[in-house]
Amino acid sequence: MHTLAQKSTKKAWSGAVAEPAKEFPLTQLPVIFGKIPEGLRGTLYRNGPARLERGGMRVGHWFDGDGAILAVHFTDAGASAVYRYVQTTGYQQETATGKFLYGNYGMTAPGAIWNQWLKPVKNAANTSVLVLPDKLLALWEGGKPHALDLQTLETWGEDSLEGLTNGLNYSAHYKQDPQTGEIFNFGITPGINATLNVYKSNSTGKIIQKAAYPLNGVPLVHDFVLAGKYLVFFIPPVRLNMLPVLLGIDDYSDCLKWQPELGTQIIVIERETLSLVSRGETEPWYQWHFGNGYVDDTGAVIVDIARYQDFQTNQYLKEVATGETHTPAESTLSRVTLNPQTGKVTAIAQLLDRHCEFPNVPQPKVGQMWRYTYMSGFRQGTDISQEILNAIARFDHKTETLIEANLGENRYPSEPIPVEDWVLTVVYDGNRHCSEVWIFAGDRLDQEPVCKLQLPSVIPHSFHGTWKPLK
C-alpha cells in the first residue's frame, strides 16, 4: 500500500521521465489535427536529457541525463522525424556495462573511491543544439560539443571547432548574429579562481578569436547576451566550494552556494575585438536565461532576463529527476538597463508578474531591438512547486500584453520556437502518455494550434532547440 500511496502523489508530467526515452528511425509523422502550413519548410531540432536511469539507479540531477536529439524535417512531402541519443564515449561505455560509471553535475561516480578522480564527469551533450552549414552540434557547457549528421543524427564525435584546446569548454548558449553569421560563445574553466573564455566563430563554427578573463571564485554562468556591439555577462552570486568536489566526496550541484552578499557581477565585452569595456556590480539575483539585448538610442544596453530572487531553482531542477517536485522557484521577466562604458545598472524593472522561463526572440532579432518575447510559463492557478512548465506565451513589448497558449490539463510544451509566422513546440500529453509536435500561428497563440503531429514515442521534457530553414 505504501508504494501505491507514493505513486499517487506524482503528477502527470512525471510519466515523461519515468523511463529512458526510446529512439526511433526516420519516420513519417501523421497529422492528427489541422494541416502543416504551406510555407513551413526546414528542420526543428531539440535536445534534452533523455535517460535519467540505468541499471536501477537514478541520476542525481535533471542535468545529468544523457542527451538525445529530436529532428523534425518539414518538406513538400510532409513531416518526418528521427530521435537518437548522442553517442558520447560515456554513453557508449555505460550502455555496454548496463550501469552508470561516471559522475556528473549532480552525482559522484559510483563504485570505488578512485572513480571520483578517474571518471568525475561525463559529457552529457544534453542542453542545446547549434546548426552549422555541414553539421549539427549537441552542446553541453562542461566540455566540447559533439558533431552530428544534420539529417540522420549520426554522432561523429567531439568537435574542437579548431580552437577548443587545453580543456576549453563550450557553453550551450551561443549567440549568432543574424546579419553577419558570426557566432559568439563562452566557456568557464574552473580553478581557485575560474576563467571566463570568450569565443568568436565564423558562420561555419570555426573559432577565429578567443579572449580570457579572470573571475572571482568559481561561479555558475549558464548564458550571456549579445546586445548590439557588446557581449554582456551577468555573473550571479553562486560560488562552488571546490574542495569536496576535488576530494570526490560531493557533487557540483550540492557544492554550489548562494552568496547574495557578493552581488551580481557584470562584465561588458566589445564584440569586435573581444576586449573588456567595463566591469560593474549590481544587486543579487540568479538567472539561467536571457531573453535578448540591444543598444538603445542613448547608448544604454537593455537586457531582458528570466530573473530569480535566489538559487532555489537548482533544488527544484534536482527534484525533477525524481519525478516529484516540492520546491517553489519563481522567475519573472525583468528588464535591466545599464551603461556599457561603466558597467553601472541604471534601472531594473519587472515586465511581467508571471513565471517566465526559456525566454527567446525570433532569430532575426537577436542582439537588436525586438517587439515579441516568447517564453514558457505556468497556467494560472498552477502550484509551481509541484508542476513543470505547462504553458507557452508571447509578450508584446509595444502593447505590454501577454497572449498565452492554454494546452489543457496535464499537457507540457517544450520551449516555444518562433519560426516566421508560427511557433513550434513539442508537447508531452500526460493524459495519453504520448508526445506531439504542435504548430501555432504566432499571433494567435491563445487559439487552437494550426497543426498537431503524432510522434512515434515519448520525448522526455527537453531543454533547448533551434530551427534550420530549408535553403
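Along the sequence shown, residues carry numbers from 1.
Judged by distance alone, with hydrogens and angles left aside, the side-chain atoms of Thr152 form a donor-acceptor pair with the main-chain N or O of Glu154 at under 3.5 Å. Side-chain N or O atoms of Thr325 include one that pairs as donor or acceptor with a backbone N or O of Ser385 at under 3.5 Å. Side-chain atoms of Ser80 never come within 3.5 Å of backbone atoms of Thr27 as a donor-acceptor pair (strictly under, hydrogens ignored). Side-chain N or O atoms of Arg432 include none that pairs as donor or acceptor with a backbone N or O of Cys434 at under 3.5 Å. For Thr88 (side chain) and Ala124 (main-chain N/O), no donor-acceptor pair under 3.5 Å exists by modelled atom type. Between the Asp254 side chain and the Tyr252 main chain, no donor and acceptor come within less than 3.5 Å of each other. Remark: the backbone N or O of Met375 is not paired with any side-chain donor or acceptor of Glu415 at under 3.5 angstrom. Checked by atom type and distance alone, the side chain of Tyr85 pairs as donor or acceptor with a backbone atom of Ala21 at under 3.5 Å. A donor-acceptor pair is defined here as one N or O able to donate and one able to accept, closer than 3.5 Å; no such pair exists between the side chain of Gln259 and the backbone of Leu262. Under the 3.5 Å distance criterion, the side-chain polar atoms of Trp13 are matched with a main-chain donor or acceptor of Gln386.
Using cut-offs of 30° and 60° for the angle between ring planes, the Tyr308 and Tyr286 rings count as tilted. Between His222 and His464, the angle of the ring planes lies from 30° to 60°, which puts this pair in the tilted group. Using cut-offs of 30° and 60° on the angle between ring planes, the pair His61 and Phe63 is tilted. Taking the six-membered ring where tryptophan is involved, the planes of Trp288 and Phe311 are tilted, since the angle between them lies from 30° to 60°.
Of the candidates Asp223, Val221, Leu130, Leu139, His173 forms a side chain to side chain contact (heavy atoms under 4.5 Å, CB included) with just one, namely Asp223. With His397 as reference, Trp370 is the one residue of Tyr374, Tyr294, Tyr372, Trp370 to meet the ring pair (Phe, Tyr, Trp, His ring centres under 6.0 Å) rule.
Ring-centre distance between Tyr174 and Phe186: not below the 6.0 Å cut-off. Centroid-to-centroid, the aromatic rings of His433 and Tyr428 come within less than 6.0 Å. Aromatic pair Trp62/Phe463: centroids less than 6.0 angstrom apart.
Salt-bridge check for Asp149 with Lys135: failed, with every basic side-chain N at 4.0 Å or more from each acidic carboxylate O. Checked for salt-bridge contact, Glu387 and Arg379 miss the test: no charged N lies under 4.0 Å from a carboxylate O. Remark: Arg371 engages Asp396 in a salt bridge, criterion side-chain N to carboxylate O under 4.0 Å. For the pair Glu436 and Arg411, the salt-bridge criterion is not met [side-chain N within less than 4.0 Å of a carboxylate O]. A salt bridge links Glu283 with Arg307; the closest basic N to acidic carboxylate O contact falls under 4.0 Å. The existence of a salt bridge linking Glu182 and Arg271 is confirmed by a sub-4.0 Å separation between a basic side-chain nitrogen and an acidic carboxylate oxygen. Note on Lys122 versus Glu94: salt bridge recorded, some NZ/NE/NH1/NH2 to OD/OE distance being below 4.0 Å.
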List the steps, then state whether side-chain hydrogen bond (donor to acceptor under 3.5 Å, both in side chains) holds for Arg54 with Thr95.
CA-CA 9 Å; Arg54 201 185 271 283; Thr95 300; 3.1 Å; yes
Step by step, would you call Gln287 with Trp285 a side-chain hydrogen bond (donor to acceptor under 3.5 Å, both in side chains)?
CA-CA 7 Å; Gln287 84 279 321; Trp285 72 73; 2.7 Å; yes
side-chain hydrogen bond (donor to acceptor under 3.5 Å, both in side chains) evaluation trace for Ser414 with Ser462:
CA-CA 6 Å; Ser414 67; Ser462 57; 4.7 Å; no
For side-chain hydrogen bond (donor to acceptor under 3.5 Å, both in side chains), just list the numbers for Glu281 and Thr264, CA-CA rounded to whole Å, side-chain angles, deciding distance to a tenth of an Å, and then say yes or no.
CA-CA 6 Å; Glu281 188 182 318; Thr264 299; over 6 Å; no
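When the shell of 6.0 Å around CZ of Phe395 is examined, it contains more than 12 heavy atoms from other residues, nucleotides or ligands. The local environment of CD in Gln309 is sparse, with at most 12 non-hydrogen atoms from other residues, nucleotides or ligands closer than 6.0 Å. Crowding of Glu400 atom CD: a count of heavy atoms from other residues, nucleotides or ligands under 6.0 Å not exceeding 12.
If you check the side chains of Asn431 and Asn410, you find a donor sitting under 3.5 Å from an acceptor.
Among residues two or more places apart in sequence or in another chain, the side chain to side chain contact (heavy atoms under 4.5 Å, CB included) test is passed with Lys35 by Glu38. For Ala109, the side chain to side chain contact (heavy atoms under 4.5 Å, CB included) criterion is met by Asn115, Gln116, not counting sequence neighbours.
Both the sub-6.0 Å distance and the 45° axial angle are not jointly satisfied by Arg444 relative to the ring of Trp438. Both cation-pi conditions hold for Lys175 and Phe224: the charged atom is under 6.0 angstrom from the six-membered ring centre and inside a 45 degree cone around its axis. Cation-pi check for Arg41 over Phe74 is not met; the charged atom does not lie both under 6.0 angstrom from the ring centroid and within 45 degrees of its normal. Judged by the 6.0 Å distance and 45° axis criteria, Arg84 is not positioned over the aromatic ring of Phe24.
Contact detail for Ser334 and Gln350: the closest heavy-atom pair is OG-CA, 4.1 Å.
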